[in-house]
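Okay, so here's the structure we're looking at.
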Amino acid sequence: MRLLAARCLAEGEAAGPALALAEPLSLWGGLDPSSGVVIDEHHPQRGAVVTGRILVMRSGRGSSSSSSVLAEAVRVGTAPAAIVLHEADAIVAIGAIVARELYGSALPVVALEEPEAYAAASAAERLAVRAAMGTATVVIDGAAGG
Amino acid sequence: MTLELSRADRARLGGEGGPGVARAMRILVAAAEAMGATRLLDITRAHLDGCLYHGRASLDFVERLVAEGARVLVPTTLNVGSLDLLHPELVRLDPATAEAARRLMDAYVALGARPTWTCAPYLLEDRPALGEQVAWAESNAIVFANSVLGARTERYGDFLDACCAVTGRAPAVGLHTDEGRRARLLVRVRGVPEPLARSTAGLAALGHLLGRAAGHEVPVVDGLPTALGEDGLKALGAAAASSGAVGLVHVVGSTPEAPSVEAALGGRPPLRELSIGPAELRRARDELSTAGDGRIGAVSLGTPHASERELDRILELARHVGSLAVPCFVNTGRSTLARLEADGRAGALRSAGITVVTDTCTYVTPILQGIEQPVMTDSAKWAWYAPGNLGVRVVFGTTEECLRSAAAGRAWRDEALWGTA
């Protein structure tokens, strides 16, 4: 087990299997909120399902409509359990913040700004995220079932 | 590093403006903390992107704010919706979704915003001035406001844009600040012939490469012809904001904060440098195309919404190429269309076989239906998003290539313009 210090972008706690994306994904146009499937034609992981996973991606990308897609995915229940970024991204964070305002369900979003920490998280099979304003951690858990 | 709120901010948070304003302030504060802001600043206007229907969450948010008494505090324009309210027959949404989409558009008007329904608010008469602090959403509008107008906005998205409009405040970070506007990535354009370097598709291909390379760093581009027109800069920015998270592109000799490379870099050396030549532009053109040069089923122009100049050019080309063999659509803002309706140019476009779409866009809502063959477009943004959104294959080219292809019914390439592979 390894504890990584992160920056909190949206509060909450979650643990689960990780899904590390090889390239940033624009949630709008790239994620189908009705199914949780990656639909971006240009993305190498097209077809992957984000639902319930700890989604690890370097940064957000593209359209500002991504906040709505994330909030809608939370409403429908297809959203990732948490999102771990390398570069802080407000568009992703706001989708999660608004989802909590509207639906009361927390989807933590954190940034691992240390390159080595982010690299470690993107290689992990399972992750746990605890995020509160001021303090956030990502726990890499090698043991199956956490 | 903590966020310091003004007395007025705290009063709003405490419910002084009513529960809707307090909710907007709560979201703004959480977002400002996530963005690392230490204070908020006043904004003079806003452009909201939340009126495109992405599902029930879109509607829940704004209807909650309206019901709780929130109204915009600054002049506010609206981005495209999912419906063409002027030409409703064009959009083939199922009735339930169409009704929800209409309800969403109405809710933003009830919030006090102007029903402009355009992704190109910079084409409206009253636009932000150099140095003006605004809160704009819609990635292409953001990059245009920052780069071409020299106004200052962060990359706002749905929800936060409305929270800024309702509170008149925005986090004082990033592209709002001198430091955040300095270029970090220097892009040198070398050996690109002037006709390609001035064409909107050539600049869109360049923007596509910029977005890929920059992520959300601010790039400065050197080596392009000077005094590029707004249509070209619009294409460049829209492409960069689709393939990357770019919110500002300095173009030496064309954008107001880039009289020189040094000025755009703020007197510091760049973190990275990149060189782009004609071969890279051609590769970008091919990367933006998911189909080859065979038959096409339709042409889609005007993403972002076409300017009056672009519509004039499309009309001129359409008259030149003769009758069109496939459906040809152009998206534009209703205020631009009103000027063309007034003097007969809109009628001339329709007579030339071109369908004008307003209030929405052909890549966000079902307009191009029953088209099996690839769709040709002069927009890198359309080419980037349409395959995922609509399930179509695309061919990317210049406006002239698109119109000639529309007449021929198959993709026509101006190989002299793009150079040999």
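In what follows, chains carry the letters A, B, and so on, assigned in the order in which the sequence lines appear, proteins first and then strands, with residues in each chain numbered from 1. Keep in mind it's a predicted model, so treat the numbers as computed, not measured. Computation of the quantities below employed the complete heavy-atom set of this structure, encompassing side-chain atoms and omitting hydrogens, waters and symmetry-equivalent molecules.
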Under 4.5 Å from any heavy atom of chain B, what part of A/Ala71 do you find: side chain, backbone, both or neither?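 Both parts, heavy atoms under 4.5 Å.
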Structural part of A/Ile97 lying under 4.5 Å from a heavy atom of chain B: side chain
Which value, rounded to the nearest 0.5 Å, describes the distance between [X] atom [atom1] and [Y] atom [atom2]?
X        : Y        : atom1 : atom2 : result
A/Arg100 : B/Ile27  : CZ    : CD1   : 10.0 Å
B/Glu33  : A/Arg7   : CD    : CZ    : 10.5 Å
A/Ser68  : B/Leu104 : OG    : CG    : 8.5 Å
A/Ile39  : B/Asn389 : CD1   : CG    : 6.5 Å
B/His54  : A/Ser34  : NE2   : OG    : 13.5 Å
A/Ser67  : B/Tyr156 : OG    : OH    : 12.5 Å

Short side-chain to backbone donor-acceptor contact, A/Glu72 and B/Ala57, under 3.5 Å: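 Looks like yes, one N/O pair under 3.5 Å.
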Indicate the ring-plane relationship of A/Trp28 and B/Tyr363, choosing parallel, tilted or perpendicular according to the 30° and 60° boundaries. perpendicular
Hey, are A/Glu101 and B/Arg23 close enough for a salt bridge, meaning a charged N less than 4.0 Å from a carboxylate O? yes
With a 6.0 Å cut-off (strictly less than), is the heavy-atom count around CD of A/Glu23, excluding the residue itself, greater than 12? yes
Around atom CZ of A/Arg53, are there more than 12 heavy atoms from other residues, nucleotides or ligands closer than 6.0 Å? yes
Determine the minimum heavy-atom distance between A/Glu41 and B/Gly388, stating which atoms define it.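 Minimum heavy-atom separation between A/Glu41 and B/Gly388: CG-N, 3.7 Å.
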Just by distance, with hydrogens left out, do A/Asp40 and B/Tyr385 show a side-chain donor and acceptor under 3.5 Å apart?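 Side chains of A/Asp40 and B/Tyr385: no pair found under 3.5 Å.
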Under 4.5 Å between any side-chain heavy atoms of B/Asp60 and A/Arg75, yes or no?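 Heavy-atom side-chain distance check passes, below 4.5 Å.
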State, with a plain yes or no, whether a side-chain heavy atom of A/Asp89 is found less than 4.5 Å away from one of B/Arg155.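 Sidechains of B/Arg155 and A/Asp89: in contact.
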So which of A/Val76, A/Val74, A/Leu102 has the largest heavy-atom pair count under 4.5 angstrom toward chain B?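 Maximum pair count with chain B is reached by A/Leu102.
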Report the option among B/Gly55, B/Ala386, B/Gly247 that has the most heavy-atom pairs separated by less than 4.5 Å from atoms of chain A.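 Heavy-atom pair counts peak at B/Gly55.
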For B/Glu287, which atoms come within 4.5 Å of any heavy atom of chain A: side chain, backbone, both, or neither?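 It is the backbone, since no side chain atom gets that close.
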Measure B/Arg64 against the heavy atoms of chain A and call it side chain, backbone, both or neither at under 4.5 Å.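 B/Arg64 touches chain A through side-chain heavy atoms alone.
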